[in-house]
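The chains referred to below are lettered A, B, ... by the order of the sequence lines, with proteins before strands, and numbering in each begins at 1. Values in this document were obtained by computation on a predicted structure and should not be read as measured data.
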There are 2 protein chains.
Amino acid sequence: MSSDNSETRIRILKATIELLEAPQSKGVRMSDIAKRAGISRQALYLHFSTRAELLIETTFYSDEINKSDERLIPSRTAKTGVERLEAYVEAWANYIPEIYGMGKALMAMRDTDEAAAKAWDQRMWDMKEGCEAAINALARDKTLSPLYPPAHATDLLWAMLSIRNWEQMTIECGWSQEKYVKTIKSLTKHTFVREGKTE
Amino acid sequence: MSSDNSETRIRILKATIELLEAPQSKGVRMSDIAKRAGISRQALYLHFSTRAELLIETTFYSDEINKSDERLIPSRTAKTGVERLEAYVEAWANYIPEIYGMGKALMAMRDTDEAAAKAWDQRMWDMKEGCEAAINALARDKTLSPLYPPAHATDLLWAMLSIRNWEQMTIECGWSQEKYVKTIKSLTKHTFVREGKTE
DNA sequence: CCTTTTGCTTGACACTATGTCAATTGACAT
DNA sequence: ATGTCAATTGACATAGTGTCAAGCAAAAGG
């Protein structure tokens, strides 16, 4: 399965990432990936049984390369709830650009491929747990805004941090990544941290 | 063009809306639409040259039925900036469920169909003008939060009101439409209206 | 009443992309 | 030499969009 680390398999995964990360990446086809990996289209199926599986495995491989778990350490070790929220938002915000291409490809398959949809949902669900932990840390410190109960705040934070919002602000509105990070940090702080407790 | 109001054309448009609005609507095909309209698949092409064109025309037809312009009157006639923002957010929030199906179908074609993407972008751009007007009304009244310059606030409001956020909160998080409206109204007010000027 | 036009039907086909299969090749190991 | 493994090639199935030509039936118009 995903423990098969043959030469070619890695080459395919790398080729997939490169194509998905290309800015103009519209509908990456199996034949495109094969060409880039330097093998025949059919040979892809010797390693991945469907396009969806290939994309899913690619997300795992990308996590491995990016050491994505390490990014969350500052958030988990934060002392106060406010620090935790800030660290989490920053870590996630800077992670998005690296998984955006794959996310888009997987989301585009939602309608046609159940497995792809599930795989992506799973990741987003994991991310939501991070949101929940940050909100709970605020609640524990009694610094959570009284406007929203924790579960509600979690949903809202999750939505604010969605990849699609990142896409809209950076790609459609032309914001720089810095501007995005700065704004989303400010917005989440002002929305979820009780007034007067911001610092 | 869109002024051809033949019997069959209308039947096709209605069939398309019905299929797109169905909750389980996964990838509506030309043959599905034809069947529902009671004509042959090929006959669709006598009225609409491509699937993208059909979907685009369907959005126009849907606007006509929903009298979507009228929805914005309360927002345009609001006296204060705060009222205008509130009226606009409410009008748009309640409009989303009616165009969600078509939006999803058009967005799914982004990668493969340039025309579909453009048509949808145009609508979203129009909607952004409403955001801009609301923010400008706040700025004029000096009730805009000093945290964001107007252009910046416009982008942010636009993102907050995006259909994808609505989708995430209602469909994925299970919020009721009421809860969504209430929350988004509260969020936008607290974000964009200068503190102390909320009422 | 006959002819033309209009709107639709039917069947066939091109194209693109995914996925499958069988036969084959070339390298490397025993 | 023989077998095994990874990949190749060409052919084919399937799904969906879009095109084309031939035909048909009913309305329109002389």
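Nucleotide D/dT19 holds its C1' atom 13 Å from the CE atom of B/Met30, rounded to whole Å. At whole-Å resolution of the value, CG in B/Leu46 and P in D/dT19 are 11 Å apart. In this structure, the CD1 atom of A/Ile10 is 16 Å from the C1' atom of D/dA6, given to the nearest Å. Regarding A/Leu44, its CG atom lies at a distance of 12 Å from the P atom of C/dT20, rounded to whole Å. Protein atom CD of A/Glu7 is 14 Å distant from nucleotide atom C1' of D/dA7, rounded to whole Å. Rounded to an integer number of Å, the gap from CZ of A/Arg29 to P of C/dG19 is 14 Å. Distance, B/Leu55 CG to D/dG16 C1': 14 Å, rounded to whole Å. Atom-to-atom, CE of A/Met109 to P of C/dA17 comes out at 14 Å; the value is rounded to the nearest Å.
Taken from CD1 in A/Ile163 to CD1 in A/Ile96, the straight-line distance is 5.5 Å, to the nearest 0.5 Å.
At the phosphate of D/dA7, OP1 or OP2 sits under 4.0 Å from a side-chain N or O atom of A/His47.
Residues from residues 33-43 of chain B with heavy atoms under 4.0 angstrom of DNA chain D, sorted by number: B/Arg41, B/Gln42.
For A/Thr50, whose side chain is taken as the heavy atoms from C-beta onward, the closest listed nucleotide among D/dA7, C/dG19, C/dC8 is C/dG19.
Residue pairs that meet the side chain to side chain donor-acceptor pair (under 3.5 Å) test with at least one member in residues 70-86 of chain A, sequence neighbours left out, are A/Arg71-A/Glu98.
Side chains of B/Gln122 and B/Asp126: a donor-acceptor N/O pair is present below 3.5 angstrom, by distance only. Judged by distance alone, the side chains of A/Asp63 and A/Tyr95 do bring a donor and an acceptor atom under 3.5 Å apart.
Across all strands shown, C/dT30 forms a Watson-Crick or G-U wobble pair, both distances under 3.5 Å, with D/dA1.
The side chain to side chain contact (heavy atoms under 4.5 Å, CB included) test with A/Tyr100 is passed by exactly one of A/Thr170, A/Leu20, A/Ile171: A/Ile171.
Annotation: B/Lys14, atom NZ; neighbour count of heavy atoms from other residues, nucleotides and ligands within 6.0 Å does not exceed 12.
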Run the side-chain donor-acceptor check on residues 152-160 of chain A: report pairs under 3.5 Å with partners two or more places apart or on a different chain.
{"from": "A/His152", "atom 1": "NE2", "to": "B/Thr183", "atom 2": "OG1", "distance (Å)": "3.0"}
{"from": "A/Thr154", "atom 1": "OG1", "to": "A/Pro150", "atom 2": "O", "distance (Å)": "2.9"}
{"from": "A/Asp155", "atom 1": "OD1", "to": "A/Lys128", "atom 2": "NZ", "distance (Å)": "2.8"}
{"from": "A/Asp155", "atom 1": "OD2", "to": "B/Trp175", "atom 2": "NE1", "distance (Å)": "2.8"}
{"from": "A/Trp158", "atom 1": "NE1", "to": "A/Met124", "atom 2": "O", "distance (Å)": "3.2"}

